[in-house]
Undergrad: 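Just dropping this structure here.
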Amino acid sequence: MWEYTDKVMDLFYNPRNQGTITEKGEGQAITTGEVGSIACGDALRLHLKVDEKTEIILDARFQTFGCASAIASSSALTELLVGKTLDEALSLTNKEIADFLGGLPEEKMHCSVMGQEALEAAIFNYRGIPLDNHEDDEGALICRCFGVTDSRIRRIVLENDLTTAEQVTNYVKAGGGCGSCLADIDDMIADILQEKTTAVAVATEVVKAKSETKPLTNLQKITLIQQVLEEEIKPFLAKDGGDLELIDIEGDLVKVTLKGACGSCASSTATLKGGIEARLKEKVSPDLTVIAV
């Protein structure tokens, strides 16, 4: 006996949105997606009512042949869809369906995948895209018993962080028939994990390289401080009749003299710290401190 969450049992005994959609209003369309087969043990037909102008899903209903997980996953899917646009719906993953249910036994995760695939099939049908053009159906056929391609396996491995052929079988049934493809699935997983390891290593090196960026030389720092003062700060102060003069730079200490209206202004400290120093910290170095002399 599988250990199901209370949510799964509730949607199994009291499924929401079961049935078909037969009525539609002006500017509305009905589309259907069907996946699985009774011969394989699970089948799902998903019906969507769509507002043609906004592509918002107005209603979602299902017909399912399968176990408690299949019925609960299908019901959960319909609850998640209403109110979403078709593009938003396409981003829905099988993991979100399982999470909505409070989790599924791993051996039953293929039910959540079936819901995701039925949704994509319905949207493909609405948009007039032949199902044969679905990216998961492209590529080499790996599991002949259940018609699963390498593209579909790759996607499910990446989206669910799978690491074993047994997990792949639980999610898409590949390898669950004659078992002759299990070695190929193992090889695919090894390649995917190696690609992920390489990608992480490359990203780490990029971050490391950025963190090891050489600091400014003293000459570069002085030149950049002078440039910011002349091109950005002085023109700003001049608008209010003020000016400043760079007196000296000692390490990270910048000494200036405020002139004109700034020299006698009651808010000169705010100008010094909130304006001049803040700008130099942003443009040159966060370690800089500006003082008036």
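Only a predicted model underlies this, so the values are computations on that prediction, with no experimental measurement involved.
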Undergrad: Set out, in order, the CA-CA distance, both residues' side-chain angles and the distance that settles side-chain contact (heavy atoms from CB on, under 4.5 Å) for L246 and Q226, then state yes or no.
TA: CA-CA 8 Å; L246 177 61; Q226 291 173 328; 3.7 Å; yes

Undergrad: Is R61 salt-bridged to D59, going by a charged N under 4.0 Å from an acidic O?
TA: yes

Undergrad: I'd like to know if the side chain of S112 reaches the main chain of M109, judged simply by a donor and an acceptor atom lying under 3.5 Å from each other, with no hydrogens or angles considered.
TA: yes

Undergrad: Where do R127 and E120 land on the salt bridge (charged side-chain N to carboxylate O under 4.0 Å, His left out) test, with the steps shown first?
TA: CA-CA 11 Å; R127 292 179 170 172; E120 292 173 351; over 6 Å; no

Undergrad: Quick check: closest heavy atoms across A60 and N17, and the distance to 0.1 Å?
TA: O-CB, 3.2 Å

Undergrad: Is V172 linked to L141 within one hydrophobic cluster, defined over Ile, Leu, Val, Met, Phe, Trp and Tyr using a side-chain heavy-atom separation of less than 4.5 Å?
TA: no

Undergrad: Evaluate the side-chain contact (heavy atoms from CB on, under 4.5 Å) criterion for residues F100 and E79: first the C-alpha distance (whole Å), next the side-chain angles of each, then the deciding distance (0.1 Å), finally the verdict.
TA: CA-CA 10 Å; F100 182 85; E79 290 198 77; 4.0 Å; yes

Undergrad: Treating Ile, Leu, Val, Met, Phe, Trp and Tyr as nodes and any side-chain heavy-atom pair under 4.5 angstrom as an edge, say whether V82 and V50 lie in one connected cluster.
TA: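 V82 and V50: separate clusters.
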
Undergrad: Salt bridge between R154 and D150, side-chain N to carboxylate O under 4.0 Å?
TA: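 Here R154 does not pair with D150 in a salt bridge, since their nearest N and O are not under 4.0 Å apart.
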
Undergrad: Check this for me: does any side-chain nitrogen of one of R279 and E232 sit under 4.0 Å from a carboxylate oxygen of the other?
TA: yes

Undergrad: Answer yes or no: is there a donor N or O on one side and an acceptor on the other, between the side chain of T198 and the main chain of Q194, under 3.5 Å?
TA: yes

Undergrad: Find out whether T289 and V254 are in side-chain contact, i.e. whether some heavy atom of one side chain is under 4.5 Å from a heavy atom of the other.
TA: no

Undergrad: Start with the C-alpha gap between L48 and T78, add the side-chain angles, then the distance that decides, and say whether side-chain contact (heavy atoms from CB on, under 4.5 Å) holds.
TA: CA-CA 9 Å; L48 303 177; T78 59; over 6 Å; no

Undergrad: Any side-chain heavy atom of T169 sitting closer than 4.5 Å to one from L182?
TA: yes

Undergrad: Just by modelled atom types, is the K281 backbone N or O under 3.5 Å from a matching donor or acceptor in the S285 side chain?
TA: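 Looks like no, no N/O pair under 3.5 Å.
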
Undergrad: Measuring from atom CG of N160 to atom OG1 of T163, what distance do you get when rounded to the nearest 0.5 angstrom?
TA: 11.5 Å

Undergrad: Hey, does I156 have a side-chain heavy atom less than 4.5 Å from the side chain of N94?
TA: yes

Undergrad: When you group the ILVMFWY residues by side-chain heavy-atom contacts below 4.5 Å and let the links chain together, are V284 and I249 in the same group?
TA: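 Yes.
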
Undergrad: Between C178 and S180, what is the shortest heavy-atom contact and its length?
TA: SG-OG, 3.0 Å

Undergrad: Step by step, would you call I57 with T85 a side-chain contact (heavy atoms from CB on, under 4.5 Å)?
TA: CA-CA 6 Å; I57 298 171; T85 66; over 6 Å; no

Undergrad: Are the side chains of I56 and K84 in contact, using a 4.5 Å heavy-atom criterion?
TA: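 K84 vs I56: side chains apart.
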
Undergrad: Within this structure, what is the OG1-CD1 distance for the pair T257 and I291, rounded to the nearest 0.5 Å?
TA: 9.5 Å

Undergrad: Is any side-chain heavy atom of T31 less than 4.5 Å from a side-chain heavy atom of I123?
TA: no

Undergrad: How many angstroms lie between NZ in K95 and OH in Y171, if you round to the nearest 0.5 Å?
TA: 8.5 Å

Undergrad: Between K24 and A29 (side chain of the first, backbone of the second, donor and acceptor by atom type, cut-off under 3.5 Å), is there such a pair?
TA: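 No; zero donor-acceptor contacts below 3.5 Å.
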
Undergrad: Do L162 and I189 make a side-chain contact, defined as non-hydrogen atoms from C-beta onward lying under 4.5 Å apart?
TA: no

Undergrad: Answer whether the closest heavy-atom distance between the side chains of T223 and L219 falls below 4.5 Å.
TA: yes

Undergrad: What is the distance from atom SG of C143 to atom NZ of K173, rounded to the nearest 0.5 Å?
TA: 10.5 Å

Undergrad: Answer yes or no: are there more than 12 heavy-atom neighbours, outside E166 itself, under 6.0 Å from its atom CD?
TA: no

Undergrad: Is the shortest side-chain N to carboxylate O distance from D161 to K196 below 4.0 Å?
TA: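 The answer is yes: the pair qualifies as a salt bridge.
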
Undergrad: Would you sort out whether K283 and E231 count as a salt bridge (charged side-chain N to carboxylate O under 4.0 Å, His left out), showing the intermediate values?
TA: CA-CA 12 Å; K283 303 291 284 190; E231 296 180 2; over 6 Å; no

Undergrad: Taking NZ, NE, NH1 and NH2 as the nitrogens, is one of them in E117 or R152 under 4.0 Å from a carboxylate oxygen of the other?
TA: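 Yes, E117 and R152 are salt-bridged.
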
Undergrad: Kindly give the heavy-atom pair with the smallest separation between L101 and A76, and that separation in Å.
TA: CD2-CB, 3.8 Å

Undergrad: So which heavy atom on F146 is nearest to which on G176, and how close?
TA: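 Scanning both residues completely, I find the closest heavy atoms to be CE1-C, 3.8 Å.
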
Undergrad: Check this for me: does any side-chain nitrogen of one of K221 and D252 sit under 4.0 Å from a carboxylate oxygen of the other?
TA: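 Between D252 and K221 there is a salt bridge, with a charged N closer than 4.0 Å to a carboxylate O.
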
Undergrad: Could you tell me which non-hydrogen atom of A68 sits nearest to which non-hydrogen atom of V8, and how far apart they are?
TA: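 Looking at all heavy atoms of both residues, the closest pair is O-CG1, 4.5 Å.
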
Undergrad: If you count heavy atoms of other groups shown closer than 6.0 angstrom to CG of N14, is the number above 12?
TA: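 Enclosed.
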
Undergrad: With heavy-atom distances below 4.5 Å as the criterion, would you say the side chains of I153 and V157 are in contact?
TA: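 Sidechains of V157 and I153: in contact.
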
Undergrad: With clusters defined by side-chain heavy atoms of hydrophobic residues (ILVMFWY) lying less than 4.5 Å apart, directly or transitively, does L58 cluster with L81?
TA: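 Different clusters.
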
Undergrad: So, H47 side chain and F62 main chain: donor-acceptor pair closer than 3.5 Å or not?
TA: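 No, because the side chain of H47 does not come within donor-acceptor range (under 3.5 Å) of the backbone of F62.
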
Undergrad: Please check this pair: side chain of Q18 against backbone of P15, looking for a donor-acceptor N/O pair closer than 3.5 Å.
TA: no

Undergrad: Any Lys/Arg nitrogen of E245 or K234 sitting under 4.0 Å from an Asp/Glu carboxylate oxygen of the other?
TA: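 Between K234 and E245 there is no salt bridge, as every charged N stays at least 4.0 Å from the carboxylate O atoms.
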
Undergrad: So which atom in L119 and which in L46 form the shortest heavy-atom distance, rounded to 0.1 Å?
TA: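 So the minimum-distance heavy-atom pair works out to CA-CD2, 3.6 Å.
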
Undergrad: To the closest 0.5 Å, what do you measure between CD (Q116) and OG (S91)?
TA: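 If we round to the nearest 0.5 Å, Q116:CD and S91:OG are 10.0 Å apart.
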
Undergrad: D10 side chain to D6 main-chain N or O, any donor-acceptor pair under 3.5 Å?
TA: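 No; judged by distance alone, with no hydrogens or angles, the pair does not exist.
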
Undergrad: Give a yes or no on whether the backbone of Q28 and the side-chain of D51 come within a donor-acceptor separation of less than 3.5 Å.
TA: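 Answer holds: no.
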
Undergrad: Say you draw a straight line from CG of N218 to CD of E250; how long is it, rounded to the nearest 0.5 Å?
TA: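 Rounded to the nearest 0.5 Å, the CG-CD separation comes to 11.0 Å.
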
Undergrad: What about Y13 and Y4, same hydrophobic cluster or not, with Ile/Leu/Val/Met/Phe/Trp/Tyr joined at side-chain heavy-atom distances under 4.5 Å?
TA: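 Hydrophobic grouping puts Y13 with Y4.
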
